[in-house]
2 protein chains.
Amino acid sequence: MTEPTTLGNELLRSAARLSRWASRHASFDVPFAQARLLALLDELGPSRVSALAAADHSSQPTITTQLQRLEASGWVHRASDPDDARATVISLSEEGHAALESVRRARLAVLSPALDQLDGPALDRVRVAIDVMNELLAAAADAPVPHPTRKDG
Amino acid sequence: MTEPTTLGNELLRSAARLSRWASRHASFDVPFAQARLLALLDELGPSRVSALAAADHSSQPTITTQLQRLEASGWVHRASDPDDARATVISLSEEGHAALESVRRARLAVLSPALDQLDGPALDRVRVAIDVMNELLAAAADAPVPHPTRKDG
DNA sequence: CAATTTACATAGACAACCTATGCATATCAA
DNA sequence: TTGATATGCATAGGTTGTCTATGTAAATTG
């Protein structure tokens with residue numbers, strides 16, 4: 001039952017469902033992908049557009065579009081890179097930090113009823129889950145797949 | 001450092017990133033949400049539209065739209081419920097099963113380079129991750145949140 | 001300095017959602 | 001039975017998220 005064959009699919013399915021559930025039930029005003037980008041900016045600090053695209057595993061135009069929305073909301077600042085006039089350095093504004101915090105609070109509120117039922121050992125298992133997914137992402141970054149985004153054959 | 005305050009957010013962030021990464025790198029022809037719905041149908045068996053919406057944590061019109069796409073691809077069948085003329089019973093077709101299998105193979109292929117590096121104990125940790133997320137989803141279903149989808153206040 | 005590459009923006013398309021609403025059938029009450 | 005209400009699904013219309021293809025300006029390179 002626990003063949004490696006199904007393990008990867010089960011992991012992805014559970015992760016997708018948890019994300020889906022959280023994005024459906026957590027009530028906050030920041031659209032999902034924009035919240036993801038705010039969190040990434042908070043983690044990386046001021047970054048170029050292309051660096052954000054790479055870190056987020058999305059295309060550069062996608063990030064450009066999202067940044068326009070974040071900027072329209074006043075959540076990020078934009079500065080040209082003194083070393084390269086083509087490049088733009090994006091950073092979180094005060095309001096962006098605040099928006100990110102509100103997202104985190106909302107998510108926590110929605111998960112709390114479930115998390116609060118857990119005891120110490122169960123919390124350790126949650127920590128394992130986080131670590132495992134992060135490790136897989138890191139390993140995947142090291143050993144990239146043959147053809148990233150092809151759809152036909 | 002492992003305060004419960006951040007644990008939930010970290011879990012959701014890692015789950016979202018893993019899903020994002022997989023949907024970006026796994027190359028198959030079935031759109032992400034449609035694959036999710038195929039998997040759900042495979043798991044639940046023939047189901048009503050509203051049952052699928054509830055199980056997927058999405059709205060009924062969303063499921064209706066996705067089912068129209070799945071039906072256009074020949075992946076599901078539609079039958080009226082003999083007990084209730086308003087209701088429709090959806091089931092996977094042969095082609096739907098095949099499509100789901102191809103999705104699973106593609107996902108596995110994209111995760112394999114990372115999974116193959118893991119030894120037995122590491123695989124056990126993956127299993128823990130899956131179980132933890134499933135348990136949290138089940139717990140969340142038991143203890144629903146006050147106001148599911150409100151955005152203002 | 002011309003050619004190429006790099007960094008980002010724009011254009012256009014589709015998928016994935018949502019809320020509001022419509023329509024048909026079921027159910028319930030009188 | 002029939003009118004009111006509830007339920008199950010479809011439709012309408014809009015926003016968000018994402019992609020590929022392409023354009024533009026600046027950097028790099030021969």
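Lettering of chains follows the sequences in order, A, B, ..., and the numbering in each one begins at 1.
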Polar contact flag, side-chain donor to acceptor under 3.5 angstrom, Gln66(A)-Thr62(A):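 Judged by distance alone, the side chains do not pair up.
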Would one find a side-chain N or O of [X] under 4.0 angstrom from OP1 or OP2 of [N]?
X	N	answer
Arg36(B)	dA15(C)	no
Arg69(A)	dG17(D)	yes
Ser59(B)	dC18(C)	yes
Arg78(A)	dA9(C)	yes
Thr65(B)	dC17(C)	no
Gln34(A)	dG17(D)	yes
Ser50(B)	dC9(D)	yes
Gln66(A)	dT18(D)	yes
Thr64(A)	dA9(C)	yes
Arg24(B)	dG17(D)	no
Gln60(B)	dG8(D)	no
Gln68(B)	dT11(D)	yes

Looking at side-chain heavy atoms only, is the closest gap between [X] and [Y] below 4.5 Å?
X	Y	answer
Arg17(A)	Leu40(B)	yes
Val103(A)	Phe32(A)	no
Trp75(A)	Val30(A)	yes
Asp131(A)	Glu135(A)	yes

Can you tell me the distance, in whole Å, between the [atom1] atom of [X] and the [atom2] atom of [N]?
X	N	atom1	atom2	value
Phe32(A)	dT15(D)	CZ	C1'	16 Å
Leu67(A)	dC8(C)	CG	P	10 Å
Ile63(B)	dT19(C)	CD1	P	13 Å
His57(B)	dC18(C)	NE2	C1'	17 Å
Leu37(A)	dG17(D)	CG	P	10 Å
Asp83(B)	dA26(C)	CG	P	10 Å
Arg86(A)	dC8(C)	CZ	P	8 Å
Leu38(B)	dA16(C)	CG	P	11 Å

Go through [options] for me and flag the one nearest to the [X] side chain.
X	options	value
Arg20(A)	dT11(D), dC17(C), dT10(C)	dC17(C)
Thr62(B)	dT11(D), dG17(D), dC17(C)	dC17(C)
Ala87(A)	dC9(D), dC8(C), dA21(D)	dC8(C)
Ala85(A)	dA27(D), dA7(C), dT25(C)	dA27(D)
Thr88(B)	dC9(D), dC18(C), dA26(C)	dC9(D)
Asp84(B)	dC9(D), dT10(C), dG8(D)	dG8(D)

Touch class at under 4.0 angstrom, heavy-atom based, for Ser58(A) against every strand present: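 Result for Ser58(A) = sugar-phosphate.
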Touch class at under 4.0 angstrom, heavy-atom based, for Asp81(A) against every strand present: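 The residue Asp81(A) makes no contact with any strand.
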Short side-chain to backbone donor-acceptor contact, Ser23(A) and Arg20(A), under 3.5 Å: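 Looks like yes, one N/O pair under 3.5 Å.
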From CG (Asp56(B)) to CD1 (Ile63(B)), nearest 0.5 Å: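 If I round to the nearest 0.5 Å, the distance is 4.5 Å.
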